[in-house]
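To start, the structure under review is shown below, and the notes come after it.
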Amino acid sequence: MARVDVVMPQMGESIAEGTLSRWLKKVGDEVKRDEPIFEISTDKVDAEIPSPSNGVLAEILVTEGQTVPVQTVVARLESEKSTAVGGSGGATPAPAAATQKPAAAPAMSAGASSGSSRPPSVAAPPASQNKIAVPAAAHPSAAPRTSPPQPNGGNSLEDRLRTKSSPLVRKIAAEHGIELSAMQGSGVAGRVTKRDILQFIESGAATPVPATRPSMYAPAGAEQHGPVPEAWPGDQVEPMTQIRRLTSDHMVAARRTAAHVTSFFEIDLTRIARVRAKARAEFEAKTGQKLTFLPFIIKVVVDGLKQHPVLNAAVAGSNIIYRKQYNIGIAVALDWGLIVPVIKNADDLSITGLTKQLNDLAQRARSKRLQPQEVQGATFSITNPGVFGSLMGTPIIPLNTSAILGLGAIEKRPKVLPGPDGEDTIAIRTCAYFSLSFDHRIVDGSDADKFLAFVKQGLENFPDAGVV
């Protein structure tokens, strides 16, 4: 029987680590090739990771909740095949794995290392990795040394490992005004661990001064105010999941970064409802896709962004970046959190193309099969709380964009309309409230309202031939 290493995959070029959030198999379970065996969370996406081979799960080396660098060996399979995932050739027995992957082994067992600069081999017992605290032996240096600027601009894997320490380390660094990229930690490639930064702070070397670059976890030196709530008898206390922590950090940073203002329009969707009803049966028979209101809305929104480019822009210091791509982020509510997959180059897609993209992204988001690049690069976002019955809301603008559109519940309402003879009549119309949150640093109220008026006009006069 051969041993096959299962490693923490690199889910994107800029991603240097991942958190193993849940094991789907236990030691001794048989697994098939491409069958999901564990779930991971990165700073971009949650995903289920498939098995690289048929076999039996022999060892679990990284426990749930542990954050490790990419290519760290997280488990081993016993298999008759000789293909090691992430490797260049056949599988090797456990002792040889440490020599073939010298960078991965220390990272994997960093949580249970001794005082030496290189932790023990990957064969360390998994139980030792449940410990959050780092080794009791003396640390090599109470104040980690700073590292000189890198000639490649700090974009190597080593640089990303160092600056992309665990979320807790980054948060502590932001709160104390510490620039992680200037520190040399005890982890692999100089990665700063929790113990490194705590000892650095205790040594007195750290002074709470604003960092040279605002952190997204505490922008412009922002910090939590007020007392921390305490649990009362009978309360249940649960740690946040990785996706909840990231959402929390990003929402706070986004709220503190943009000057939020929200405008509301009521839009008559009766025309869209009729066009949709007329084309629905033929559309679904030809494409196999369910036709909803959302593709029509996206189509008109993209046309509106072309007419009002400041809504498809981003603030970069004292500059405004006008995006020439129209990448629409669509918020998807999951049982375990929120994720925003992105429809790239939405202006190139028809109603059919938008429908297929929407359904595909939403399905893979719910099954944790999205790739990191599929949740990045949005230039404008749409959220749809109306599916839960909400009439309207004030959504938070995602970082590095200037606006987000919220869709309220679509429902039939009585409306006063002009009759054929000029008198007022009451009619039943299909309507919804649209809310546009925009960044008042670059978007004026008139710009936002003109955009919403364009969207209203486009939806209320959508052509019959538009469903192609």
Side-chain angles (χ1 to χ4, degrees), residues 1-11 17-42 45-87 90-98 100-101 104-113 119-134 166-167 236-245 334-337 364-370:
M1 298 288 285
R3 288 291 181 100
V4 178
D5 289 343
V6 182
V7 302
M8 175 65 69
Q10 185 166 12
M11 298 294 290
E17 64 179 16
T19 299
L20 198 153
S21 52
R22 186 162 70 104
W23 279 103
L24 304 176
K25 300 290 183 179
K26 61 182 182 294
V27 173
D29 284 352
E30 291 188 6
V31 295
K32 296 180 180 179
R33 183 181 177 86
D34 296 328
E35 180 183 4
I37 56 173
F38 64 94
E39 294 179 357
I40 67 167
S41 294
T42 71
V45 72
D46 284 5
E48 291 182 345
I49 305 304
S51 171
S53 174
N54 295 330
V56 175
L57 185 57
E59 291 181 273
I60 289 179
L61 304 175
V62 173
T63 57
E64 292 182 356
Q66 190 173 350
T67 301
V68 295
V70 298
Q71 300 304 315
T72 297
V73 178
V74 300
R76 289 196 179 92
L77 303 175
E78 283 189 351
S79 173
E80 295 179 358
K81 296 186 177 181
S82 58
T83 308
V85 67
T92 56
Q100 288 194 352
K101 299 181 181 289
M108 181 278 302
S109 57
S113 63
S121 72
V122 295
S128 67
Q129 299 188 29
N130 287 325
K131 299 179 182 179
I132 298 176
V134 283
S166 69
Q236 181 177 345
V237 180
E238 294 182 355
M240 289 186 183
T241 62
Q242 175 79 349
I243 192 171
R244 176 53 54 197
R245 288 197 302 269
L334 308 171
D335 292 339
W336 54 90
R364 289 192 292 114
R366 295 186 176 99
S367 60
K368 298 185 178 181
R369 292 186 290 115
L370 288 175

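Under the side-chain contact (heavy atoms from CB on, under 4.5 Å) test applied with T19, the options T67, V68, V62 reduce to a single match, T67. With respect to D29, the salt bridge (Lys or Arg N to Asp or Glu O under 4.0 Å) criterion is satisfied by exactly one of K32, K25, K26: K26.
Atom CD1 in I37 sits 11.0 Å away from atom CD in E48 (nearest 0.5 Å). In this structure, the separation between CD on E39 and NZ on K368 is 3.0 Å, given to the nearest 0.5 Å. To the nearest 0.5 angstrom, D34 atom CG is 11.5 Å from I49 atom CD1. Separation of atoms CZ (R22) and CD1 (I40) is listed at 13.5 Å; rounding is to 0.5 Å. Taking CZ of F38 as the start and CG of L24 as the end, the distance is 9.0 Å to the nearest 0.5 Å. Rounded to the nearest 0.5 Å, atoms OG (S79) and CZ (R33) are 9.5 Å apart.
Surrounding CD of E35 are more than 12 heavy atoms belonging to other residues, nucleotides or ligands, all under 6.0 Å away.
Put simply, the side chain of V56 does not reach to within 4.5 Å of the side chain of V31, judged on heavy atoms. Residues L57 and I60 are in side-chain contact: their nearest non-hydrogen atoms beyond the backbone lie under 4.5 Å apart. Contact annotation: the side chain of V6 approaches that of P52 to within less than 4.5 Å [non-hydrogen atoms, C-beta and beyond].
For the pair S51 and L77, the tightest heavy-atom approach, listed with the atom from each and the gap, is OG-CD1, 3.3 Å. For the residue pair R76 and D5, the shortest heavy atom distance occurs at NE-OD1, 2.9 Å.
Looking only at atom types and distance, the side chain of E64 has no donor-acceptor partner in the side chain of Q66 under 3.5 Å away.
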Practice problem: Show your working on salt bridge (Lys or Arg N to Asp or Glu O under 4.0 Å) between E78 and R3 and close with a plain yes or no. | Solution: CA-CA 5 Å; E78 283 189 351; R3 288 291 181 100; 3.4 Å; yes

